[in-house]
Visitor: 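This is the structure I have questions about; it appears just below.
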Amino acid sequence: MATISQARGQASPAIVPMDSVAPEEVSFLWSPYVPLGKLTILEGDPGVGKTWLALALAAAVSTGDPLPDGCGRPGPRREAAAVLYLTAEDGLGDTLRPRLEKMNANLGRVFALTGRWHDRPGGCELRPVWLTDVDVLRTAFAWIPKLALVVVDPIQGFFGPGVDLHRANE
């Protein structure tokens, strides 16, 4: 395998020849739309149903109900799994739970991450969670058994303070 050694004090590229990379099968939560262990983004104008689709997917994952195949026919049933939902726009009690109930979700398998606890003098304080809080997210992922889906709705609501959404490099 060809490699490039790092020159002392200088940045150097990490190069991997593709003939040294083992091919991997991709597993899908919903084939061919949502691969497991990968990032999937629902993008669209306000009001087109992104949250509805995310909740319908969460409900189906929570019960093991089939998802439509590429032709719109029901796919196979799956083992029911857990969902972690982060929302910055919708209320848990007035929006998410009622919608999940109407979709027959197993509410015991759908969890909402509402923040992170911070120790301070006199007790704990609940603070917002950001996507940069990797330790908090890892702990949440490990705590929830059979976690198969994480929804961040909307993603820009969890970038954290100081991020300029008009700068692509941020």
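We number each residue from 1, following the sequence as shown.
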Visitor: Of all heavy-atom pairs between Ala148 and Ala81, which one has the smallest distance, and what is that distance?
Guide: CB-CB, 3.5 Å
Visitor: Treat each ILVMFWY residue as a node, draw an edge where side-chain heavy atoms are under 4.5 Å apart, and state whether Leu42 and Leu96 are in one component.
Guide: yes
Visitor: Out of curiosity, Leu53 CG to Thr51 OG1, how far, rounded to the nearest 0.5 Å?
Guide: 9.5 Å
Visitor: Which heavy-atom pair separates Tyr33 from Asp69 by the least distance, and what is that distance?
Guide: OH-O, 4.4 Å
Visitor: Would you check if Phe28 and Val34 make a side-chain contact, meaning some heavy-atom pair closer than 4.5 Å?
Guide: no
Visitor: Do Arg97 and Leu107 come close enough that some side-chain heavy atom pair is under 4.5 Å?
Guide: yes
Visitor: Roughly how far, to the nearest 0.5 Å, is OG1 of Thr40 from CG of Leu57?
Guide: 9.0 Å
Visitor: Taking atom CE of Met103 and atom OG of Ser62, what is their separation to the nearest 0.5 Å?
Guide: 11.0 Å
Visitor: Is a side-chain N or O of Arg116 found less than 3.5 angstrom from the main chain of Trp130, in a donor-acceptor match?
Guide: no
Visitor: For the pair Asp133 (side chain) and Val136 (backbone), establish whether a donor and an acceptor sit closer than 3.5 Å, ignoring hydrogens and angles.
Guide: no
Visitor: I need the minimum non-hydrogen distance between Arg78 and Val61, along with the two atoms involved.
Guide: NH2-CA, 3.5 Å
Visitor: Is a side-chain donor-acceptor pair under 3.5 Å present for Thr87 with Asp153?
Guide: no
Visitor: So do Leu29 and Pro35 actually touch side chain to side chain, heavy atoms under 4.5 Å?
Guide: no
Visitor: Rounded to the nearest 0.5 Å, how far does CG of Asp65 lie from CG of Asn104?
Guide: 8.0 Å
Visitor: Between Pro145 and Ala82, what is the shortest heavy-atom contact and its length?
Guide: O-CB, 3.3 Å
Visitor: Check whether any side-chain heavy atom of Val83 sits under 4.5 Å from a side-chain heavy atom of Arg109, and report yes or no.
Guide: no
Visitor: I want to check something: taking the side chain as every heavy atom from C-beta on, are Leu36 and Val26 in contact at a cut-off of under 4.5 Å?
Guide: no
Visitor: Between Lys50 and Glu43, is there a salt bridge with N-O shorter than 4.0 Å?
Guide: no
Visitor: Write down the atom of Ala58, the atom of Leu100, and the distance for their closest heavy-atom approach.
Guide: CB-CD2, 4.4 Å
Visitor: Do Leu84 and Val151 have side chains that get closer than 4.5 Å, going by heavy atoms?
Guide: no
Visitor: What I'd like to find out is whether the side chain of Leu113 reaches to under 4.5 Å of the side chain of Tyr85, using heavy atoms alone.
Guide: no
Visitor: Out of Thr114, Val150, Ile155, which residue meets the side chain to side chain contact (heavy atoms under 4.5 Å, CB included) rule with Leu86?
Guide: Val150
Visitor: Look only at the side chain of Thr63 and the backbone of Ala59, and say whether a donor-acceptor pair between them is shorter than 3.5 Å.
Guide: yes
Visitor: Indicate yes or no: does Glu125 engage Arg127 in a salt bridge with an N to O separation below 4.0 Å.
Guide: yes
Visitor: Does Trp143 reach the main-chain N or O of Arg138 with its side chain, forming a donor-acceptor pair under 3.5 Å?
Guide: no
Visitor: Any sub-3.5 Å donor-acceptor pair from Thr95's side-chain atoms to Leu92's backbone N or O?
Guide: no
Visitor: Is the shortest heavy-atom distance from the side chain of His118 to the side chain of Cys124 under 4.5 Å?
Guide: no
Visitor: Can you hop from Trp52 to Leu67 via hydrophobic side chains spaced under 4.5 Å?
Guide: yes
